[in-house]
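Scroll down for the structure; my scribbles are underneath it.
Naming convention: chains lettered A, B, ... in sequence-line order (proteins, then strands); numbering from 1 in each chain. Just so it is clear, the model here is predicted, and its values are computed rather than measured.
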Amino acid sequence: MKTNPGGQISPENMFGRDQVIADYWRILEGQGIYVNDLRRIGKTQIMIKMHAESPEGWMSVKADLGRCHSAAEFATRAFKDSADVLGGKSKTLRTMEKWVGKLGELEIAGVLKLPGQQDAAPWKEVLERTFADLEEAMKDMGCRMVFFWDELPFMIDNIVRKEGPETAMEVLDTLRSLAQDYDRVRLFLTGSIGLHHVLAELKEGGYIGTPLNRMSHCQPGPLDPEDARDLAEALIEGERLICDDPQALATHIAELTGNVAFYIHLLISRLPRDRSLTNEDAAHCFEVQLVSKALDWDLPHYRDRLPKYYGKKAMPAFHVLDALAPGIPMDFEKIRNALAAKTAYPEEDLRKLLELLCSDHYLVKGADGYVFYLEIVRRWWSLSRQS
Amino acid sequence: MSEPTLFHVFTPQRDQPEELEKILVKRHALLESAVGKIRESVISPDKHRLLLIGPRGMGKSYLTTLIHHRLSLQKDLAGKMRFAWLNEDQTSTTFLHLLLRIYRKLADQYPAEFSAGELDAIRGKEPADAREIIGQALIRQLHDRTVVLIIENLDSIFNAMNEVEQRTWRGFIQDHPRFAIVATAQGLTSAISSKAKPFYGFFDINHLEPLTVDEAAELLEKIATLNKDQPLAEFIASTRGKARMRAIHHLSGGNPRLYLILSDFLTKDSLDNLVRLFEETVDRQLTPYFQERMRWLSPQQQEIVQYLCQQVHPASVKAISEGIFTKQNTVSGQLKQLREKGYLVSKGRGKESLYELAEPLMRLSFQLKEMNNRQPLTLIVDFMRVWYDRPDLEKRLEGILPGTFGRDYFELALQKIDTEGNEFRHSLMLACLDDINWKKCSASELEDLRGIAEETKNPGAWSKYGWACFASNKFPESVEAMTQVIVLQNNSSFEQDGALLCRAACHQMLGHHEDALIDFSLALESPDITKYYSTSIYYLRGQARYSNGLYAEAVIDLNQVVKDEKIKPHMVSEALVLRGKCQIGLCSHKEALADLDAAIEIPEIPEDILSEALTKRAYLYSELEQDDKAIADSNRVEKMREVRPPLLAQALFARVKCSIRSGNIDGAKNDLDVICCMSNIPKYILAGAHLCRGNYFRRNGKLESALADLSKATDSDDAISAHALFGLSEVYRDLRLYEQSIESVILFLSQTKTPDIPKEFLESSLGEVVTDAAYGMRERSEKWISALKKMLPLLEGKGFIFGLSVILVFHARKLQQSDLNHAALDSWVSDWESVSEGYPEMQIGVRMLRAGVEWIKTKNDGALLDLVMEERAVVRQALGLEEEE
């Protein structure tokens, strides 16, 4: 197995996530899921694996909605994918068929059109009919359907740009009601950018909907340490790196990268091949990559976005992150004291700031207090603030 | 030489891949990895997406050509992959357009599999429909194969394509994992590196680094070899060639494309078509790109870039601000931005930052734009006058007809050499010195430094080379280099002084103490050195004098050091200890003790110096038989951490002597055991310890152990070795190994130095050993006689003959107690009579022996009457008889 940072990894070559996936299937029994986490943490890979290995009683569709530029394209996509999945398994989508004609004779390109018409079929009706038909089909088959929809935020943003925020709001509201109304159809949503960013912009335009409020919000986080180590070891072997103790090296690499698969791939791909490697070599390479001006790892993003998105809260945020950079968990009181030494900051504001830093995946709150969410970000932060 | 291989420096896809393989440098591992990953993408569900990043000319197209070539050679992949190599000159503003380009490529290359009719089917369709139709068609006709998509200038595509289209593209790839991608880009744009963008983290990125000097040399060597130009290949590999490569490196910035261009000028005999083609290609390929890049800059930034285009060397902020008549503060800010945008790179020189173009090809393009009336390109002319000597240029010029295009390059290069000599080349080479850290030079860099020094004959270059050799412990080379500095007339006094000091230190390290002394003394004559460094040089000269055994002179130097109130306490302690050692050498024990006491009292004395001071003092005390003090100092040394083994061994040895004197034999033995197991200690200490312990074993009857130790003790300087040999002779004798005993005696007698044993004792002991050994070997008389004949001259030389003869007489007692018959007794005496002929000092003893033997045979006092009265008395004593009445 070769290093493949950013590439597509087949489900059989994925490491770990078994427990996470089992948990997600269990949640899907009762509700839809919105997965929100940092980029490259592995959200799409989880989705790919779930789609490829869906348990008995489940059928699934997987699509990258970033391809959809309009509500009509989205609705057509949902319909087409459903038809493809159901093709040959049951009766066709009946209400849709009544509306658009025999599905077997239908030529659907990017946007579904009603027979004899040039304009796109009304997207909302396409979605509603598709979901209704799916519900019935699933009932007949004794199954359930899950839509694995990746990059929903991208699509909403595409729709905003092309058709305006109102249409985007309507799409979201429609999705929400569809998800509520049909018990045999579930949504599993994720995206490279958080939907909350898109929603925040829509809210500024007057949107008051809460499309995600009936969905379970999940955050997969990094791999379990053992899985991260196994991945690292497999890559060390696949890349034919020379070392005396592959397992020890793999464990060290997993620790350095905070068990994030993407960074494990990335670090191992950058290790030298011309000599036997030690833990020190890995640590040195890691540090070089973190502070490299090449910006491949885009860790400065965590620093650079603070002034833009936090405004006046940016400076206290810097202080909080500086305080946590050594890696020792700190509870609220300790953070407050550390911040008080640098600047006066009201307690309530601090609580909100910590919430924001958590929702932005800078921090996570554990039993012992707040720590950096990703170890790699903590290491980078610590290094960058020293120089 | 056959017609040289022409490389399409701007379109390597047009070159024969086999030729490209032959000149591959630096990127072997990357190429193999890339091919391996794409292969994995074809044969497994995993898909790799590679992105090669580097400025123009860094080898991206070259690598993609080779990736394509190597994959094409893998026959097992033929049925599983389909190449779509997109033209780098085209861009796409929408994903639909990109998809169409991909489909067309596939249809062109694989017409039987990808129908061109599908393209007709989308005419007039809405973009969303067209996208869906052509996308489905591609996937459908692909079946289970993988598309290897090769996209060059990906960054220009991202610049042209808005984010919505990028998301569509990404979504298509995610939904249809059938694409392996090999892409190239000039730089890391935000479209790829920013977390907010669709393609963040999407690619496996490799940054192509510029060639180092060695790699560039390797490239040119390979090209020369490919063109069967062996003299050129050899020249490039030579020291001079490498020095010139360093100079060229400054012009090229390590850009492989520039090296390929320059290599053409090395190998072509005629520049006619080459230059024309080259200029046209530069104009077509580079100029639009760089013009575009310049458009993104503010006017002032453009000025800065244009200024640097005209410079050969990196320029300081001050030089740039003066060059464009702008304040330094303003220029600094602009430089920072230009660096962040990737137009410039900065290099540190001490505390100063120097700036140069990040893309050397930009200079070429700029020159092309600037030149009037088709003047030769400055960059190429500069290269030629750096690379070629005047005779080379003249020779090549002879082969070019007047009026031929390209002749002007040679003419201008010659003209510049006439006006400037080799100054330009030398200035580039000397500029390269800044790139090399003399404290940490690789072997290759050392060679380069030497080449530059030889070529330029510059004292600074020789000095740097000399210091680099010193730092690498190459002292003979450093001496040679510093001698060059010293003899060169154009050296600065700073270089001269530094060279003297360095050379002196090298001589010291090489054990050439006299030469070191000369140089230190010369250095002390320099007013500049003495102003700042006199104390240090006095110390160093003192060291050299001490090493040379010139203790009194060393003391004079060290007095200068000790009395300097400005030097740091730890240096004072070092000087005191060294002076103490000199005083020991002069047997001035009182003065030595005073110095060592003073050094030890200094609180800042470094641990290493303290251990040395204590060791020397322990030794002194033991010599002065102040045993308690000696033992106290030795104990202190023993307890210190990380004492150097030689010092520890010396301290323990001092304690051994004290222990023996005080009767603590066990204590002495324990210390000797420790010393005998130590490594990295002076031979004389180790041998001395073995000698002492050997004698200890002998006295305690452990003869085998004694043998082992005494044998080891012979591996030393003469005095200890001699002592050990003497001991060995006795031990062998005691073990009845008589031949070895005699050999040891002979070896002992051959030593130039004698051990510190009283002569009388030595004489008699030797005599006993010899007679015992001879007696033991009596039945092999020819052997002992032969050995004795070797030994007697040596004994005579040492003055031990008389002692032997006396012992011989007293040996009669042993004969009396033996069971030898008369014949044997006679034979024994006859042998001695025969051996001792020619040695008058032996005659009395032998005569007395004869008389004694006669008495033993007859038991008749009359047998002694041939002796005079005094002699009879000795024989009677030897035989244990009462005195005569």
A:Arg240 versus chain B, the contacting section by heavy-atom distance below 4.5 Å: neither

For B:Phe203, is it the side chain, the backbone, both or neither that has a heavy atom under 4.5 Å from a heavy atom of chain A? backbone

Salt-bridge criterion met for B:Lys26 and B:Glu215 (N-O under 4.0 Å): yes

Are any of the side-chain nitrogens in A:Asp84 or A:Lys80 under 4.0 Å away from the carboxylate oxygens of its partner? no

In terms of heavy-atom pairs under 4.5 Å, which option from B:His48, B:Gln136, B:Gln166 contacts chain A the most? B:His48

Could you check whether A:Arg275 pairs with A:Asp281 (Lys NZ or Arg NE/NH1/NH2 to Asp/Glu carboxylate O, under 4.0 Å)? yes

Heavy-atom cut-off 4.5 Å, strictly under: side chain, backbone, both or neither for B:Lys197 against chain A? backbone

Salt bridge between A:Arg67 and A:Glu73, side-chain N to carboxylate O under 4.0 Å? no

Side chain, backbone, both or neither: which part of A:Phe262 has a heavy atom under 4.5 Å from chain B? side chain

Of all of B:Ala128, B:Ala180, B:Gly187, which one pairs up most often with chain A through heavy atoms under 4.5 Å apart? B:Ala128

What do you reckon, are the aromatic ring centroids of A:Trp380 and A:Phe286 less than 6.0 Å apart? no

Residue selection (most heavy-atom pairs with chain A, distance under 4.5 Å) from B:Ile181, B:Ile205, B:Ile173: B:Ile205

Under 4.5 Å, counting heavy-atom pairs only, tell me which of B:Arg167, B:Glu163, B:Glu132 racks up the most with chain A. B:Arg167

Using the ring of B:Phe202 (Phe, Tyr or Trp, six-membered ring only), decide whether B:Arg49 places NZ or CZ under 6.0 Å from its centre and within 45 degrees of its axis. yes

Answer yes or no: is there an ion pair linking B:Arg39 with B:Asp76, defined by an N-O contact shorter than 4.0 Å? yes

B:Glu40, part contacting chain A, at a heavy-atom distance under 4.5 Å: side chain

More than 12 heavy atoms of other residues, nucleotides or ligands under 6.0 Å from NZ of B:Lys125: is that the case? no

Between A:Phe188 and A:Phe147, does the ring centre distance come in under 6.0 Å? no

Answer key: most heavy-atom pairs under 4.5 Å with chain A among B:Ala130, B:Pro127, B:Gly201 is B:Gly201

Chain B contact via A:Asn158 - side chain, backbone, both or neither, heavy atoms under 4.5 Å: both

If you define the side chain from C-beta out and look only at heavy atoms, does anything of A:Asp157 sit under 4.5 Å from A:Arg161? yes

Between A:Glu239, A:Arg270, A:Lys62, A:Arg273, the one whose heavy-atom pairs under 4.5 Å with chain B are most numerous: A:Arg270

Pick one of side chain, backbone, both or neither for A:Thr44, based on which atoms fall under 4.5 Å of a heavy atom in chain B. side chain

Could you check which of A:Met1, A:His69, A:Arg305, A:Lys162 has the highest count of heavy-atom pairs closer than 4.5 Å to chain B? A:His69

Part of A:Tyr302 within contact of chain B (heavy atom distance under 4.5 Å): side chain

